[in-house]
Amino acid sequence: SKSDDGFCSAPSITESDENSKPIYGKVTNPTLSPSHLQDLPGFTRSVYKQDHALITPESHVYSPLPDWTNTLGAYLITPAMGSHFVMYFAKMKEMSSSGLPPQDIERLVFVVEGAVTLTNTSSSSRKLTVDSYAYLPPNFYHSLDCVESATLVVFERRYDHLGSHTTELIVGSTDKQPLLETPGEVFELRKLLPVSLAYDFNIHIMDFQPGEFLNVKEVHYNQHGLLLLEGQGIYRLGDNWYPVQAGDVIWMAPFVPQWYAALGKTRSRYLLYKDVNRNPL
Ligand SMILES: NC(=O)N[C@@H](O)C(=O)O
Ligand SMILES: [Mn+2]
């Protein structure tokens, strides 16, 4: 891309290599089903069961987010499903701004499209663009402001105190997080939050090349909120096997058998909420 001083700047990190569409572009512009299925009355891939849910883009229902300005929200996962967290898309329009979460609620925002500016009482404003994120501790004053438009995926939950540990403001971007060891697994793993005991959840970013799959057919006490950011594959949840693609959201209750295999020509990348560091009792 050309900057106005005539020098060619390196393509921004938000441009993925293939077909130079913005990274994560399929989350907000998903490949819809073939037109004959789109028009099929009542057709959806969404499913809601006792221990899992698949929420696909055609099922999203937006309404104004209370306490936010000029922002539509689609709640995807809420405690009504049995989760201890909420996961929602926030579609911020021009001149929009966030509201604060309720008291004692921590928040993580991840930018899927567009850009927002994060301000808080102490540090200066910081611009969050696609693939950037911010963790806001409970009762931490902040504002996310958007001039044009932005789509965020937001996780919120009641902070589970452990002794005198406290969390702090975290701002980062996926591409700056190091790859972590994944013994016995082939996927590439990044974590967006520190692994220290103060943090009662983490966000995993997991990359699979086509044909790669989870080695462990997992059944564990943790619960998950998943957003498929790139790619496609098959997700096993309980006794069901679902074709999934970028833009799909999955709720996994504790102990639901879960497994993923990446298919297609491009890598799969998913973002995964996982509760950690707390005794399940
Ligand atoms: N479903 C899934 O990917 N789970 C694992 O990544 C995990 O860490 O629980
Ligand atoms: Mn898991």
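Worth knowing before you read on, the calculation uses all heavy atoms, side chains too, and leaves out hydrogens, waters and symmetry mates. First listed ligand is number 1; within each ligand, the first listed atom is number 1.
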Original post:
Within less than 2.8 Å of the Mn ion (ligand 2), any N, O or S from Q258?
Top reply: yes

Original post:
Applying a 4.0 Å heavy-atom criterion (strictly less than), which segment of Y235 is in contact with ligand 1: side chain, backbone, both, or neither?
Top reply: side chain

Original post:
With hydrophobic residues grouped by side-chain heavy-atom distances under 4.5 Å, do Y270 and V249 end up in a single group?
Top reply: no

Subject >> Proximal ligand 1 atoms for M206, defined as those under 4.0 Å from one of its heavy atoms >> reply: 3 (O), 6 (O)

**OP:** State, yes or no, whether a side-chain contact exists between L136 and E106 at a heavy-atom distance under 4.5 Å.
**Re:** no

**OP:** Starting from atom 4 (N) of ligand 1, locate the nearest protein heavy atom and write down its residue, its atom name and how far away it is, to 0.1 Å.
**Re:** E218 OE1, 2.8 Å

Original post:
At under 4.0 Å between heavy atoms, which part of Y270 makes contact with ligand 1: side chain, backbone, both or neither?
Top reply: side chain

Subject >> K191, Q258, H220: member with heavy atom nearest to atom 2 (C) of ligand 1 >> reply: Q258

Subject >> Nearest protein heavy atom with distance in Å, relative to atom 8 (O) of ligand 1 >> reply: K274 NZ, 2.9 Å

Subject >> Which of the ligand 1 atoms, numbered from 1, are nearer than 4.0 Å to a heavy atom of H204 >> reply: 8 (O)

**OP:** Before accepting this row, confirm whether a basic side-chain N of the pair K26/E230 lies closer than 4.0 Å to the acidic partner's carboxylate O.
**Re:** no

Original post:
side chain to side chain donor-acceptor pair (under 3.5 Å) between Y260 and E212: does it pass, once the steps are laid out?
Top reply: CA-CA 9 Å; Y260 181 64; E212 292 184 338; over 6 Å; no

**OP:** Consider only side-chain N and O atoms of H220 and Q258, and report whether a donor and an acceptor are under 3.5 Å apart.
**Re:** yes

Subject >> the Mn ion (ligand 2) - closest N/O/S atom in E218 >> reply: OE1

Original post:
Hey, is L272 touching ligand 1 through its side chain, its backbone, both or neither, going by heavy atoms under 4.0 Å?
Top reply: side chain

Original post:
How about Y235 and Y242: are their ring centroids closer than 6.0 Å?
Top reply: no

Original post:
Does the distance from a Lys or Arg side-chain N to an Asp or Glu carboxylate O, for R157 and D275, drop under 4.0 Å?
Top reply: no

